[in-house]
Amino acid sequence: MFEKISQHEQVVFCNDQATGLKAIIAIHNTTLGPALGGCRMRPYKSTDEALEDVLRLSRGMTYKCAGADVDFGGGKSVIIGDPTTDKSPALFRAFGQFVDSLNGRFYTGTDMGTTPDDFVHALKETSCIVGVPDEYGGSGDSSVPTAQGVIYGLRATIQALYGSEDLSGMSYSVQGLGKVGYKVAEQLVAAGAHVYVTDINQQALKSIVDRAELLPGTVEVVDGDEIYGVNADIFVPCALGGIVNDETIDRLKVKAVVGSANNQLLEDKHGIYLQQKGILYGPDYIVNAGGLIQVADELYGPNKGRVLNQTRAIYDSLLAIYKQSKEQNLSTMEAANRFCEDRIEHRQQRNSFFSHDKRPKWNVRH
Ligand SMILES: NC(=O)C1=CN([C@@H]2O[C@H](COP(=O)(O)OP(=O)(O)OC[C@H]3O[C@@H](n4cnc5c(N)ncnc54)[C@H](O)[C@@H]3O)[C@@H](O)[C@H]2O)C=CC1
Ligand SMILES: O=C(O)CCC(=O)C(=O)O
């Protein structure tokens with residue numbers, strides 16, 4: 001186990017017999033501040049699969065926090081269970097108690113399979129919850145700025161490829177129409193684009209088809225894995241990770257991959273393969289940082305204008321990474337990783353007041 005978690009500071013297995021809660025919290029790195037990351041709920045096939053997911057996701061959060069320049073470190077949590085049948089208020093309260101036991105080392109909120117309303121129950125047990133609905137004093141659904149950030153990422157990518165920012169002339173393939181993907185697809189259709197969509201949830205597909213009838217663009221539903229082979233300009237993954245792999249890369253006909261899904265590359269080498277195939281990759285943790293920016297901003301009290309300004313910076317960050325990857329002949333993922341690792345290293349060397357017991361402001365909630 002220690003070999004598996006050797007890159008991480010702490011991993012907590014949470015088991016509550018009364019509510020059936022089985023969860024894992026992973027804290028990757030707290031150099032920049034307490035760990036922050038959403039909570040994913042999935043019917044994982046095994047504990048190993050859940051552990052693997054939470055380790056990868058929490059590592060990604062360390063890079064995402066560094067890339068977005070927020071004063072948090074990387075963490076994430078997963079609940080093993082089916083989000084359509086296994087949720088209960090008691091389950092989320094039990095989860096809240098485990099989060100609270102970490103005493104401010106870990107803040108959490110929504111991710112795939114969870115919603116802000118779930119965390120209203122957890123909030124009764126801990127103050128270390130972010131992305132709480134507006135009426136509870138939080139900043140609300142973090143998928144709104146995440147989707148906005150993806151749109152900025154798409155604009156930057158179109159700028160890098162064609163020297164324009166116009167979303168409308170392009171076609172897109174969107175995988176997953178959940179909290180983020182639906183909003184992204186809707187904005188693309190509203191801009192007049194043609195959008196291929198897929199989801200395992202038929203209701204989500206019906207909703208976007210109905211919505212598109214009122215908008216200038218068009219939507220075309222495709223079945224499951226067919227999404228990888230459609231003739232779109234940009235692939236926009238908004239569901240699971242690992243979808244850029246040996247098998248799918250050969251099928252992709254797009255010129256770029258830019259979406260919200262965490263850990264899109266199965267392995268880092270797939271970023272290099274995309275580069276070799278001439279497909280521009282928008283590193284996921286740069287593109288999907290909008291939600292993180294919003295929940296980190298809650299420290300200062302909710303302010304949507306401030307969040308929007310910081311989310312807009314995703315456009316410039318992505319262009320800078322594209323430029324650096326070209327100049328240094330690195331994949332865009334390598335360029336982004338170097339940028340974030342330098343930032344963490346610099347903070348470590350300064351032994352700044354953000355680290356450990358000199359942390360200033362996160363404790364205001366306790
Ligand atoms: N919610 C947020 O603010 C953020 C989300 N992300 C990432 O974006 C992705 C989507 O997150 P959410 O929209 O919050 O999740 P969600 O749970 O609201 O939506 C996920 C959607 O993907 C669909 N889906 C699942 N498996 C699929 C498959 N094999 N093929 C097609 N569709 C499939 C689901 O039916 C659902 O509609 C996740 O990878 C998440 O980690 C990243 C940053 C922030
Ligand atoms: O969106 C959130 O609530 C926290 C950020 C996060 O987990 C993510 O960006 O993956």
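If you read the sequence from its start, that first residue is 1, and numbering goes on from there. One-based numbering, in listed order, for ligands and for the atoms of each.
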Has [X] got any heavy atom lying under 4.0 angstrom from an atom of ligand 2?
X	value
V130	no
G131	no
M61	yes

Backbone or side-chain N or O of [X] under 3.5 Å from ligand 1 N or O:
X	result
K76	no
N262	yes
G181	no
T146	yes
A239	yes

Problem - ligand 1 contacted by A204 (non-hydrogen, < 4.0 Å) - result: no
Problem - S142 near ligand 1 by a heavy-atom separation under 4.0 Å - result: yes
Using a 4.0 Å heavy-atom cut-off, which part of [X] comes near ligand 1: side chain, backbone, both, or neither?
X	result
Q264	neither
S260	both
L177	backbone

Closest protein heavy atom (residue, atom, distance) for [atom]:
atom	answer
atom 1 (N) of ligand 1	V180 CG2, 3.6 Å
atom 10 (O) of ligand 2	K76 NZ, 2.6 Å
atom 28 (C) of ligand 1	I200 CG2, 4.0 Å
atom 19 (O) of ligand 1	G178 CA, 3.1 Å
atom 12 (P) of ligand 1	K179 NZ, 3.9 Å
atom 43 (C) of ligand 1	N288 O, 3.6 Å

Under 6.0 Å from the [atom1] atom of [X], do we count more than 12 heavy atoms belonging to anything else shown?
X	atom1	answer
K323	NZ	no
E165	CD	yes
K206	NZ	no
E49	CD	yes
R312	CZ	yes
Y136	OH	no
Q17	CD	no

Under 4.0 Å from a heavy atom of [X]: give me the atoms of ligand 2 that qualify, with their elements.
X	value
S142	1 (O), 2 (C), 3 (O)
G37	7 (O)
G38	4 (C), 6 (C), 7 (O)
K64	8 (C), 9 (O), 10 (O)

Practice task
Could you label the plane-to-plane angle of the H28 and H8 rings as parallel, tilted or perpendicular, counting under 30° as parallel and over 60° as perpendicular?
Solution key: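 H28 and H8: perpendicular rings.
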Quick check on contacts: which atoms of ligand 1 are under 4.0 angstrom from a heavy atom of [X]?
X	answer
G176	22 (O), 32 (N)
G113	17 (O)
A261	8 (O), 9 (C), 39 (O)
C238	9 (C), 10 (C)
N201	35 (O)
K64	43 (C)

Exercise for the section: May I ask you to identify, for L57, whether its side chain, its backbone, both or neither come under 4.0 Å of ligand 2 on a heavy-atom basis? Expected result: neither
Handout entry: Non-hydrogen side-chain atoms of F339 and I286 separated by less than 4.5 Å
Key = no
Are [X] and [Y] ion-paired here, with the side-chain N under 4.0 Å from a carboxylate O?
X	Y	result
D53	R40	yes
K4	D48	yes
R93	D16	no

Practice task
Take D117 and K87 through the test salt bridge (charged side-chain N to carboxylate O under 4.0 Å, His left out) and record every step on the way to the result.
Solution key: CA-CA 11 Å; D117 286 340; K87 284 183 181 177; over 6 Å; no
Practice task
Determine, considering heavy atoms only, which of D111, T110, L292 sits nearest to atom 40 (C) of ligand 1.
Solution key: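 Of the listed residues, D111 has the closest heavy atom.
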Fill in the blank from the handout: Judged by heavy atoms only, the candidate from D284, D199, V150 nearest atom 32 (N) of ligand 1 is D199
Practice task
Answer yes or no on whether R42 is positioned over the face of Y44, meaning its NZ or CZ is under 6.0 Å from the six-membered ring centre and within 45° of the axis.
Solution key: yes
Handout entry: Donor-acceptor contact below 3.5 Å, side chain K183 vs main chain K179
Key = yes
Handout entry: Short side-chain to backbone donor-acceptor contact, R251 and Y228, under 3.5 Å
Key =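 Checked: no pair found.
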Problem - Heavy-atom pair with the smallest gap, counting every atom of N231 and S171 - result: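 Smallest interatomic distance, heavy atoms only, reads O-OG, 3.8 Å.
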Practice task
Please lay out, stage by stage, how V150 and L154 fare under the test side chain to side chain contact (heavy atoms under 4.5 Å, CB included).
Solution key: CA-CA 6 Å; V150 174; L154 288 168; 4.2 Å; yes
